[in-house]
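Data first, discussion second: the structure below is written as structure tokens.
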Amino acid sequence: MKIAIIGAGTMGSGIAQVVITANHDAIMVSESAKSVAAGLERVKAGFEKAISKGKMTQEQRDSYLSHLKTTSSMNDIKEVDIVIEAVPEDLMTKRVVLEKVENAVRDDTIIATNTSSISIDALAKTLQIPERFLGLHFFNPAPVMKVIEVVRGKKTSSVVMEKARKFGEGLGKVAVEVNDFPGFISNRILMVYLNESINALDQGVATKEAIDTIAKLGFNHPMGPLELADFIGLDVCKDIMNAIYLQTNDPKFKPAALLEKLVGEGRLGRKSSKGFYDY
Ligand code: 3HC
């Protein structure tokens, strides 16, 4: 199949890597040539990791990469079968992009969003054919995490849900169907856990190392909650919590004061070299 990925950030490039590794043709789209070039470098770095672990040969990498095109123009996605939008987590930004996508593709192209917290129905509102629209929520790092949330909007057709589920399984993922509630299942659960860990740190219940060690050794999680928040990006966590809080008005989703403070100071986690930890 031909797949377009809109956005070349961490998620867009990770999804592109997954798609070409599953032997599809992919086109990664970003408005700026600089960000599309950076996205391509991230895909190459992901393959290097796999090669260094002996899980992929250089020939395989070259073959996969030959199926990945990059562009800054929506005109180049006319013939794709599925679009996966992975632009920043903002309702208006996504709506503008999705409208452009809908104008560019065939009427039978499936359009998916990788949103982590924005309502599928809210995004579908300005689409002409909402029946072909759904959520395909990948986890970070997309090439490693084994599950995707397949999110059904009120208007998503059953045929589209089934095709998307099969597509997800063809990517080597377990595709789990969920309904369109704020934060779906993943972030509805995860963000409360991360937020409460941040509140516990702020209240002096334990040090960051103690909190993370308990989660790693006590729950067998690969990362503790504060390490994970740094990994996801503290600004991203805050935005997701705010989006869920706005939609639910439930105070348990209100970003912790310490999270707000760190984001305000530009401590965004790994990507800014400082968060709860220094990198
Ligand atoms: N491409 C291909 N393979 C990759 C890769 C990439 N980009 N990145 C890592 N890998 C592979 C490595 O080759 C390695 O393979 P191996 O086990 O066969 O040797 C394996 O993945 C682990 O990688 P590393 O050895 O480099 O690193 P770690 O063992 O420290 O694991 C981690 C890193 C996979 C990030 C692990 O710490 C982890 O699983 N952390 C939790 C991540 C998590 O919870 N993600 C979900 C976040 S929530 C989310 O995304 C939702 C959103 O809406 C917020």
Side-chain angles (χ1 to χ4, degrees), residues 7-22 28 38-58 60-61 64-65 68 84-90 94 112-120 135-151 171-174 176 178 181-195 197 212-213 215-217 219-244 253 255 259 268-271 275 277 279:
T10 303
M11 293 314 293
S13 56
I15 295 167
Q17 186 184 329
V18 172
V19 164
I20 53 175
T21 309
M28 186 162 61
L40 185 56
E41 286 311 309
R42 266 191 290 272
V43 175
K44 288 181 180 168
F47 282 145
E48 283 315 312
K49 226 174 203 178
I51 290 171
S52 73
K53 299 260 170 136
K55 291 198 289 186
M56 187 182 288
T57 64
Q58 299 199 355
Q60 281 171 318
R61 176 213 37 210
Y64 292 142
L65 283 172
L68 175 61
I84 304 171
E85 167 276 308
V87 302
E89 196 69 3
D90 172 72
K94 284 190 186 285
T113 173
N114 182 53
T115 183
S116 45
S117 56
I118 300 174
S119 155
I120 301 303
L136 274 184
H137 181 210
F138 290 74
F139 294 74
N140 182 23
V144 180
M145 306 314 277
K146 293 187 169 55
V147 75
I148 50 175
E149 270 180 315
V150 185
V151 191
L171 297 178
K173 307 292 184 194
V174 174
V176 177
V178 304
F181 280 77
F184 316 126
I185 285 296
S186 55
N187 283 321
R188 183 178 178 133
I189 299 170
L190 178 63
M191 290 302 149
V192 173
Y193 162 63
L194 298 186
N195 215 27
S197 308
D212 281 340
T213 301
K216 282 189 283 195
L217 303 185
F219 314 149
N220 231 359
H221 289 184
M223 288 174 168
L226 304 170
E227 288 175 303
L228 182 57
D230 274 354
F231 179 71
I232 294 170
L234 300 188
D235 53 338
V236 174
C237 292
K238 181 185 150 201
D239 288 349
I240 295 174
M241 287 176 204
N242 269 329
I244 304 177
F253 296 109
L259 178 63
L268 307 180
R270 282 199 189 188
K271 64 183 159 192
Y277 296 90
Y279 298 90

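Order of appearance sets the numbers: ligands from 1, and atoms from 1 within every ligand. Just so you know, these numbers come straight off a predicted model, no measurement behind them. These numbers come from the heavy atoms of this one structure, side chains and all, not from hydrogens, waters or symmetry mates.
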**Side-chain donor or acceptor of Arg42 paired with backbone N/O of Ala8 under 3.5 Å** = yes
*Between Tyr279 and Tyr277, how do the two ring planes meet: parallel, tilted or perpendicular, split at 30° and 60°?*
perpendicular
Query raised in the report: Is there a donor-acceptor pair closer than 3.5 Å between any side-chain N or O of Glu89 and the backbone N or O of Ser117?
Result: yes
| request: Side-chain contact test, heavy atoms from C-beta onward, threshold under 4.5 Å: evaluate it for Phe231 versus Pro141 and give yes or no. | output: yes
For ligand 1, which of its N or O atoms have a protein N or O partner closer than 3.5 Å, and how long is each gap?
| residue | atom | partner | partner atom | Å |
| --- | --- | --- | --- | --- |
| ligand 1 | 1 (N) | Gln17 | NE2 | 2.8 |
| ligand 1 | 15 (O) | Lys55 | NZ | 2.9 |
| ligand 1 | 18 (O) | Lys55 | NZ | 2.8 |
| ligand 1 | 19 (O) | Lys53 | NZ | 3.3 |
| ligand 1 | 25 (O) | Lys53 | NZ | 2.8 |
| ligand 1 | 26 (O) | Lys49 | NZ | 3.4 |
| ligand 1 | 45 (N) | Asn140 | O | 2.7 |
| ligand 1 | 50 (O) | Asn140 | N | 2.8 |
| ligand 1 | 53 (O) | His137 | NE2 | 2.7 |
| ligand 1 | 53 (O) | Asn187 | ND2 | 3.0 |

Those residues at least two apart in sequence (or on a different chain) that pass side-chain contact (heavy atoms from CB on, under 4.5 Å) with Val192 are Lys252, Phe253
Query - Donor-acceptor pair, side chain of Glu149 and main chain of Ser186, under 3.5 angstrom - result: yes
